[in-house]
Structures are given as structure tokens and as C-alpha cells.
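Only heavy atoms go into these numbers, but all of them, side chains included; no hydrogens, no water, no symmetry mates. Numbered from 1 within each chain, the chains take letters A, B, ... in sequence-line order.
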Amino acid sequence: MSFINFIILTHDSLPSTNTEAMEQARRGAKEGTTVIAREQTAGRGRLGRVWRSPPGAGLYMSLVLRPRIAYIARADFPMLVFAAALGVHDALRAACALSTDIKYPNDLLYDGRKLCGILGETIDTPQGTAAIIGIGINLTNEAFAPDLPHATSLEAATGKRFDAKLIMRAVLDAFAVRYEVLHKVNGIQNTLAAWSAASSFANDKPVRITLDNEIFVGTTRGLESDGALRVETLEGHLRLVRAGDVTAVRFDDEE
Amino acid sequence: MSEQDKPQSPEAATNADSTNNQSTSERRDRFERHGGGRRRHSNNPSNNSRRQEGGRADANSIGTSVNMDELREVVELISRHGFTDFELEREGFRVRLRRGTANAETNFSSVALPPSQPLASSFAAPAVSTPAPSFSSAAPAPNSATATPIPDTDADLQIITSPIVGTFYRAASPTSDPFVKTGSSIQADTVVCIIEAMKLMNEIPAEISGTIEKIFVENAQPVEYGQPLFGVRK
């Protein structure tokens with residue numbers, strides 16, 4: 001028995017699965033409601049950026065969650081994106097025999113290139129706060145613009161074409177396990193430990209942090225108990241990163 | 001900063017890299033947090049720290065009473081996250097749990113480790129086990145949310161505060177219109193802003209109705225728990 005009961009709503013074409021899932025949640029959709037589309041005509045990334053979503057080239061899905069707030073405090077909702085990244089990581093191993101890396105906090109990489117993006121959003125609904133977890137996985141290289149050097153697809157990584165619904169099912173099953181962990185005793189601690197074990201970004205990774213008004217480089221030193229990334233700067237200061245862009249770098253040849 | 005600053009990630013195609021440059025919210029450790037609760041304050045004393053939302057979302061799990069098992073879960077949650085103050089109010093009962101010292105300092109800046117101190121020992125500092133502030137649990141003074149200076153002294157102005165720590169956005173995207181402007185009329189369910197916390201975009205509803213009179217925070221700035229965001233005229 002899965003920790004979540006999934007209800008799958010399949011569309012041929014939608015502007016955005018996250019927007020549709022939000023609408024469903026506002027109208028009272030239950031936890032586990034999952035919206036999937038063959039294509040998105042206005043697929044979204046963070047802050048209104050576009051997620052290119054041509055028909056059949058990617059998995060475009062959004063999941064409605066209603067975390068039990070007695071177990072996961074409102075301020076801990078960012079843990080949902082860590083759990084989602086772990087879920088996709090597990091699913092790709094199970095369904096495609098693919099070992100992926102997780103870039104802080106929630107991008108899936110293969111061979112240093114982005115394979116999957118996750119957009120987490122929370123909204124207020126009459127039934128309480130709902131979280132929408134949007135997952136976009138590049139199934140083929142048509143999913144992204146050809147001039148994107150840092151993107152890849154399941155097809156490029158494995159040489160096989162995978163069915164979107166098969167991958168969706170694997171993602172939901174794997175996510176349900178990670179989501180259940182989050183609701184149990186020491187759920188956050190265990191989730192962050194699992195994330196750290198799955199991500200090369202957790203420890204000793206040279207990174208560049210790009211903030212709104214500042215860029216600095218340093219070496220990652222694990223996660224804080226709330227999921228913030230610890231970065232030791234070249235000057236030996238420890239900084240906690242909760243925003244901004246994290247990029248892997250080499251110190252001798254900084255990209 | 002924008003996508004254009006990142007040559008590997010051409011504009012309007014984020015499949016390669018959807019992360020972007022945000023203001024930092026570094027070194028802003030957990031403020032006084034309330035499990036699921038959300039505190040509003042107004043300068044009007046009769047209206048002070050009224051709690052509104054806390055009961056709704058978790059009503060399914062806690063209901064109108066709490067048994068010992070659930071209370072244990074709550075206590076565990078609190079100690080795990082270093083809350084200094086937790087209050088849960090339901091019809092017919094109320095529980096308040098407090099810990100920590102009254103005058104512990106909160107440090108907003110990045111932590112500079114003394115050169116003589118090995119990094120490892122700092123990392124090993126217990127996150128929540130002691131009331132004394134360690135680098136990972138700067139314990140704020142109890143009631144820091146209500147003690148946050150309110151930038152306006154107009155007694156009739158109601159303040160919408162930030163329910164979480166994160167980065168404040170006035171619009172859904174850099175090219176969208178802001179959710180609200182000065183003079184906007186709002187209802188309880190009007191979305192007034194987005195606050196991003198570790199890549200999770202949180203839509204923030206007004207929870208009060210009236211007219212936006214003041215906007216206290218600039219777009220893309222980091223905000224603290226309980227920090228005033230908007231002043232609303234009834």
C-alpha cells in the first residue's frame with residue numbers, strides 16, 4: 001500500500017501541469033492528485049521561466065500534496081523538494097537503471113548535465129496549505145533547445161526511449177516512499193541524510209554561489225538541519241546558503 | 001540577476017538549468033516558529049498577535065484535542081527544529097511550549113569561524129540540544145515576531161508579516177505585474193506575494209481584507225519570519 005493514493009489526470013495538452021494542479025488543489029483536489037500532459041504550451045520553471053515541453057519529448061507531471069502539518073511544520077515544506085528529488089533519483093535507478101546526481105537542492109543531473117527539473121510551489125486552499133510538485137524529465141533531446149550544452153535526456157543517457165507514463169509511475173511509487181519517510185520520526189534528518197548520500201554536492205564539492213548581489217566560491221560542507229547548504233569560502237568562513245544558484249566549479253579553472 | 005548572465009543557459013529555456021540567482025537568505029536561522037501557525041500583528045493592541053490560520057491545515061491531524069502521542073510528536077518536532085516558542089490553539093484548549101533563553105542573540109550575518117577552531121567541531125555543534133546559541137541554532141528571544149519593529153506607527157494599519165524565512169517576490173515572474181500595489185484592494189484569499197525558501201515558491205495569502213497602503217520590502221530581498229511585508233488599511 002502506497003502512503004499516497006494517486007489519482008492520475010491525463011491531458012494531451014495543457015498550458016502548464018503545475019498551473020492545472022494548482023487549480024485542482026484550489027477546488028479541493030486530494031493529496032495524490034497527479035496531472036500529466038503530453039505537452040505543455042506554457043511550461044513553467046521558477047519565477048516565470050519557460051520549461052520547454054514539446055509533445056512526447058518529456059515527462060510533464062505535477063503532484064498535489066497536503067502534508068500533515070502536525071508532522072511537517074510549515075517552515076519545513078522545502079523538505080518536499082528534497083524528497084521529490086530523491087524520489088526521481090530512486091525512480092530512474094529502478095526504471096532505467098540510471099545513476100543520477102542531485103544538484104543542490106533539486107535538479108537531477110546525469111554526467112553533469114540536467115536531466116530533470118523540479119518546481120515546488122505552495123498555495124493556500126480552503127482545505128489548508130497545499131504543495132504542488134512539478135517534475136519535468138527530458139525523455140529525448142527534443143525536450144530542450146539544441147544549443148543548451150548543459151542538458152541531457154533519458155534517451156541520450158541510456159540509448160533507450162522510455163514511455164512517459166511508465167516513468168511517471170516509477171516516480172510516484174518512489175516518491176511515496178520518500179514522502180512517508182518525511183512524515184515519520186526523524187523524517188527530516190533521514191531525508192537530508194539520504195539526500196547527502198545521493199548528491200555529490202553535499203560535501204567537499206567546489207561550487208560557485210550566485211546570489212542576487214554577490215557571487216562567491218567555496219567548498220560544500222554538508223547540510224544544515226533545515227536543508228541549507230554549508231559552504232566554506234576560500235577565506236575559511238562558513239556560509240549557509242538558502243537561496244541563489246549553486247554551480248559546480250573547478251578551482252584551478254573556474255569554468 | 002537574470003538568465004542572460006548565464007551563457008550556458010539561454011533565456012527562456014531552463015531545461016538545462018532552472019536555478020537562478022536569488023538574494024541570499026544565508027545565516028538567518030530559524031526564528032521563533034510555530035508549527036503550522038501563522039502570526040499576524042497589528043499596532044492595534046486589541047488585535048495583537050492574533051492567530052488565524054494555524055488550525056485549518058492541520059485540523060485533520062490534530063482536531064480539537066490532542067492525545068499524548070500527538071503531543072509527543074509535537075514536542076519532538078519542536079526540539080528537532082530548535083523552536084523557542086510554540087503555541088497551538090484550538091477550540092477548548094491551548095498548549096504553549098517555550099524553551100531557550102530570553103536574551104539570546106540572533107546573528108544575521110555569515111558566520112566567521114576563528115582560524116584556530118577546526119571546522120569539524122563547529123559542524124558537530126548540536127543543532128538544537130542546548131538553549132545556548134550555537135551557530136546552527138541562534139535562538140531568538142521569545143516573541144521575536146511580535147517584537148519585530150513595525151515600520152509604521154499608524155494604529156489603524158494592519159500588518160501582513162512573513163510566515164516563513166525566504167526571498168520575497170512581488171510578482172510571479174520578473175515580467176509579470178506585481179500581485180498587489182499600493183492602493184490595491186485585497187481580500188483574505190488575495191495572493192500578495194511569493195516567498196521562496198530553498199527553491200520552494202510559496203504563495204502568501206493576505207488573510208485580511210482592506211487596501212494596501214505600505215509595502216515594506218523590496219522585490220527579491222530576503223525576509224525573516226515575522227517580518228512586516230505590507231501595511232493594510234481596513
Side-chain angles (χ1 to χ4, degrees), chain A residues 45-52 68-71 73-78 80-81 105-107 113-114 117 120-124 128-129 136 138 143-145 147-151 185 188 210-214 221-222 224-228 230 232 236-246, chain B residues 1 3 8-10 12-27 30 33 35-36 56-58 60-62 70 73-74 76-77 80-81 110-113 115 119 122-123 127 136 163-165 167 169 172-176 189 196-203 205 220 222:
Chain A
R46 277 169 60 249
L47 300 172
R49 266 163 294 145
V50 172
W51 185 271
R52 196 176 130 116
R68 287 66 151 180
I69 290 187
Y71 299 89
R74 183 68 187 78
D76 292 325
F77 275 26
L80 296 172
V81 299
N106 61 358
D107 285 341
R113 293 159 182 238
K114 184 159 162 177
E121 302 182 274
T122 72
I123 57 169
D124 198 48
T129 305
N138 299 331
F144 50 89
D147 56 349
L148 283 190
H150 288 190
V185 174
I188 290 171
T210 309
L211 304 170
D212 192 45
N213 52 2
E214 183 191 6
R221 299 289 184 218
E224 276 290 283
S225 59
D226 70 344
R230 297 166 177 157
E232 184 186 349
H237 293 202
L238 186 70
R239 298 185 61 167
L240 303 183
V241 176
R242 295 190 174 86
D245 188 20
V246 179
Chain B
M1 245 172 278
E3 200 80 38
Q8 78 276 19
S9 204
T14 60
N15 300 43
D17 187 354
S18 74
T19 53
N20 195 16
N21 311 330
Q22 303 303 325
S23 306
T24 178
S25 55
E26 287 172 61
R27 196 50 223 152
R30 283 150 242 101
R33 283 204 220 144
R56 253 192 301 163
D58 45 344
N60 293 340
S61 327
I62 294 191
E70 284 167 329
E73 293 264 10
V74 170
E76 200 230 341
L77 198 73
R80 197 170 61 186
H81 296 289
S110 66
V111 179
L113 297 173
L119 274 173
S122 295
F123 290 153
S136 58
I164 49 174
V165 174
T167 307
Y169 292 105
S173 77
T175 55
S176 310
D189 61 355
E196 176 177 17
M198 282 176 279
K199 309 295 181 193
L200 185 64
M201 316 302 287
N202 300 280
E203 279 190 4

* **Ala172(B), part contacting chain A, at a heavy-atom distance under 4.5 Å** =>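 When you check distances to chain A, only backbone atoms of Ala172(B) fall under 4.5 Å.
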* Which of these, Ile123(A), Thr122(A), Asp124(A), sits in a side-chain contact (heavy atoms from CB on, under 4.5 Å) with Asn202(B)? ->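 Only one option passes, and that is Thr122(A).
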* Polar side-chain atom of Lys199(B) near backbone of Gly244(A) as donor-acceptor pair, under 3.5 Å ->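 Yes.
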* Can you name the nearest heavy-atom pair linking Ala197(B) to Pro78(A), along with the distance? ->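 Shortest heavy-atom contact: O-CG, 3.7 Å.
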* Shortest non-hydrogen contact between Ser173(B) and Gly48(A), atoms and distance ->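 Closest approach of Ser173(B) to Gly48(A): CB-CA, 3.3 Å.
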* Go through the steps to decide whether Met198(B) and Asn106(A) satisfy the test side chain to side chain contact (heavy atoms under 4.5 Å, CB included), and finish with yes or no. => CA-CA 9 Å; Met198(B) 282 176 279; Asn106(A) 61 358; over 6 Å; no
* Asked: Quick one: OG1 on Thr175(B) to CG on Leu47(A), what's the gap to the nearest 0.5 Å?
  ->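 Result: 10.5 Å between the selected atoms.
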